[in-house]
Structures are given as C-alpha cells and as structure tokens.
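Quick note: numbers below take in every heavy atom, side chains included, and nothing from hydrogens, waters or symmetry partners. Labels below follow one simple rule: chain letters A, B, ... track the order of the sequence lines, proteins then strands, and each chain is numbered from 1.
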Number of protein chains: 2
Amino acid sequence: MARKTGSHSKITGPLVRQAAIRLFARHGYAAVSMRQIAAEVGVQAGALYLYTPDKQTLLYDLMRVHLEDLLETWEARPKPDDPMAQLQNFCRFHIAYHLERPEQVFIAYMELRNLDEENFREIERLRRRYESELETILARGQDAGVFHVPDNRLATMAIIAMLTGVNTWYQEGGRLTREDVAQIYWDMVRRSVSAGQ
Amino acid sequence: MARKTGSHSKITGPLVRQAAIRLFARHGYAAVSMRQIAAEVGVQAGALYLYTPDKQTLLYDLMRVHLEDLLETWEARPKPDDPMAQLQNFCRFHIAYHLERPEQVFIAYMELRNLDEENFREIERLRRRYESELETILARGQDAGVFHVPDNRLATMAIIAMLTGVNTWYQEGGRLTREDVAQIYWDMVRRSVSAGQ
DNA sequence: GTCTATATGCTGATAGAC
DNA sequence: GTCTATCAGCATATAGAC
C-alpha cells in the first residue's frame, strides 16, 4: 500500500473519496478512522487533511455529491408526456441508478445521524427535492384520472421505500438481472396506484 | 443523574438496556461509549459489566430480543382463513408493531454491520423467519388464485420495505393517525398483489 | 505533497476498596 | 452492587521537516 513521496494531488483527492465511500459503507462513519482511510489510499493520515478540512466534511461532501448527481441525472433525462409513462420512467430510473452505486446509497441513508445539524438540513433539502419529483408525477396522474392514490405524500414515500429496498437484497449475478427486477417492481408499483379490482 | 450506592440489580439491568436502545438509535452503536450509557443510567462505567459481558453482546441482545418478540407476538396472533384477510392482518400488524418501537426497529436495521459474524448470522436467521411468514401468505394466495404476483420473493421484499418505510417519516400527532396510515398502506399493498386493470 | 512526530483526549475493559 | 482508579490503545487533528 505504501506510496513514494511525489506530486499526486490530481489523483489522490478522488482516491480519498473512493476509499471513504468503501470504508464508510462497509463499517460505518463512526467506526472508520482517518488512519484506515489513509492506509487504503496509501498515504499517511496527515496527508488527508490536504483534501478535506475534517472527517465530518468528508462525509457531508460524499452525501451531497451523491444527491446532487442523482438530481442532475434525473433532470437531464427526457420526460414522457403521459403520467403512466412518467411513473414507469421514474421507477426504472430509480432502480437502475441506485443499483449502480450501492455504497453511496447506503451511506446516504445510514449516516444521516452522523451529520452536523447544518449539513443534515442541506442533505434533507436535497432528498426532499428528489421525492417531490415523484410526488408531482403522482399528483398529475391523479388529476388526469389515471392514478387512484388515497394520499399523494404517502404513496410517494411508500413507492420510494419499496424501490430503494432493492438495494438491501439484490445480488449481482443472481437469479434475476437488474432489468428483470425493474420490470417486476414497476408492475407492482403500477398496480398499487391503479384503480383496484 | 448520580445514584446512591445500593442494591438495584432488578431495575438497573432493564435501565441499561433502555439507555442503550435510546443512545444506539440516536447516535449509532460505534459512536456511543459505555461511559455515555452508564451516565444515562446513573452509574459508573464499570458497573455496566455486571449486566453485559461486553458492548458487542449488549447490541446483539437488543436486536435478538427485538426480533424474538416480533416473531412471538406475530405467532400468538389469531390467523384468518382466507389469503386476502391474512395479508391485511400482516400489514396492519407490521405497521402497528413497528411504529410502537421505532428505536428497536431502527437499531435492528442500521447496526447489522456492527455485529460479529456469528451474531450477524443468528439475527439474519430470525429476520428470514419473519419474512417467510409473509412469503407463505403470498404463496398460498397465489395458489388460490386470489393474488397475482410476478415473483413471490420479490413481492415479499417489496412489501416489507414499503411497510417498514413508514418508520422513517411517521410523526406522532401529525396529519394522520397510525390507523389512517395502516389503512392507506394496506390499500396500496392490496392493489399491488391483485390482478391489474 | 507527503512524511514523521506529537498534543490532547477518549475508548473498552479490569482490579480492588467498600 | 457500585465505586474509584487505572491500563493500554486508538482517536482526530496539527506542526514542522523535507
């Protein structure tokens, strides 16, 4: 792991972030020491402070960037016209995006309580922005008479919890591909917001 | 917080468990020290070791007892005959039981990675036993032609994630009572496993 | 840009007095 | 049953050499 002295600032920064993601996801923020992160990167602990002012900011930045990327990617995605296609689009996007980066997703959910109050508020603001994207789709579909949802806010939370839950059990190379899973979940979501039998 | 010297073993044990639940749920296992737990109880740190051999076992016991109580309470509950009523029964039970003890639920989900390998296996075994209760209900309903579920295992995971998600946003004394929430979620679950339009 | 060395303080757990 | 005192180790963060 040892690395020779030299100029590496352009690559060490990302390596620090990558090592922190791996270790925070596996052991938890509080259980991981700056020494462990440094060892993973191949530098001494002191050198980390060239790339982050402190451990707390390192965690906050990981979560903030994750949520900003999520929102940016979603917003850049072409949007279908009708509500049913919009909901399908959201479900497929959510599952695909979250399965693609399980460690960041895990950190963003599990380490909220380790954020400073101010950092916590900003992360929650970003999360609410994402949730409101789905809530808007549901509201429009409800108005159009396509969806029959007893409560928009609850349906939003229920669907997001259901979709994000895939990350807790999905295993690459298992019985089902990501597309299989996305298809099956979309089928359940579709029926959960459609008129009952 | 200070407490006078004396014989309190019958109450101190439960108080230690209660304090650990509160603190682990709020700050996370790794971030909580034995000294903090002791201070919350009103004893010195050394006294805790009369009630648990070590910190790891304290965590494990909290999670194990929580899951054992969950299973025991579920198993003692009268079971309806037809699959639709069984599913409704499960949904209402799950939401009610989990909203009643949010801290234990939180710990049981968030602190899995802080368990020793052996302890982890036992906790996972208990969780699987609970999940299989729902899976069995879905399988029977599928056989009876009442449910139309594309994949039993996935539907089980999807429904449990959806129901447990209530704990992340529900606030006592808010817009909706627990019964309102249980009713709305049951409505969505029912439609998600019924034949589509 | 990275290193070594260090400050200051907290950690889990134990020993022995009362 | 609880206390005080303590061990040995690791934590975050910084200072200064190269």
d(OH, A/Tyr51; C1', C/dG1) in whole Å = 6 Å
Hey, is the side chain of A/Ser33 poking within less than 4.0 Å of OP1 or OP2 on D/dC10, counting only N and O atoms?
-> no
Tell me which of A/Gly46 and A/Ala31 sits closer to the 5' end of DNA chain D, going by the nucleotide each one is nearest to.
-> A/Ala31
More than 12 non-hydrogen atoms from neighbouring residues, nucleotides or ligands closer than 6.0 Å to CZ on A/Arg140, yes or no?
-> no
For the pair B/Gln56 (side chain) and B/Asp116 (backbone), establish whether a donor and an acceptor sit closer than 3.5 Å, ignoring hydrogens and angles.
-> yes
Okay, side chain of B/Ser132, backbone of B/Arg129: is any donor-acceptor separation there less than 3.5 Å?
-> yes
Has A/Gln44 got a side-chain N or O lying under 4.0 Å from the OP1 or OP2 atom of C/dT2?
-> no
Roughly, in whole Å, what's the span from CG in A/Asp54 to C1' in D/dA11?
-> 14 Å
Considering only side-chain heavy atoms of B/Val43, which listed nucleotide, D/dA13, D/dC3, C/dG12, is closest?
-> D/dC3
What class does the angle between the rings of A/Phe93 and A/Tyr130 fall in, given that below 30° is parallel, 30 to 60° is tilted and above 60° is perpendicular?
-> tilted
Is any side-chain nitrogen or oxygen of B/Thr12 closer than 4.0 Å to OP1 or OP2 of D/dG1?
-> no
Just wondering, are more than 12 heavy atoms of other shown residues or ligands nearer than 6.0 Å to CD in B/Glu75?
-> yes
Can you tell me the distance, in whole Å, between the CD1 atom of A/Ile37 and the P atom of D/dC10?
-> 17 Å
Closest to the 5' end of DNA chain D, once A/Pro53 and A/Gln36 are matched to their nearest nucleotides, is A/Gln36
Roughly, in whole Å, what's the span from CD in A/Gln56 to P in D/dA11?
-> 18 Å
Taking OH from B/Tyr49 and P from C/dG16, how many angstroms apart are they, rounded to a whole number?
-> 18 Å
Whole-Å distance separating the NZ atom of B/Lys55 from the P atom of C/dC10 = 15 Å
Nearest to the side chain of A/Leu50, which nucleotide is it out of C/dT11, D/dA13, C/dT2?
-> C/dT2
So, is B/Tyr29 near the phosphate of C/dT11, with a side-chain N or O under 4.0 Å from OP1 or OP2?
-> no
Stepwise side chain to side chain donor-acceptor pair (under 3.5 Å) test for B/Gln44 and B/Arg35 = CA-CA 7 Å; B/Gln44 293 299 312; B/Arg35 280 171 178 79; over 6 Å; no
For A/His98 and A/Tyr170, run side chain to side chain donor-acceptor pair (under 3.5 Å): C-alpha distance rounded to whole Å, both residues' side-chain angles, the deciding distance at 0.1 Å, then the answer.
-> CA-CA 11 Å; A/His98 283 65; A/Tyr170 185 76; over 6 Å; no
Difference in axis direction between the ends of the helix from C/dG1-D/dC18 to C/dC18-D/dG1, five pairs, 10° | 0°
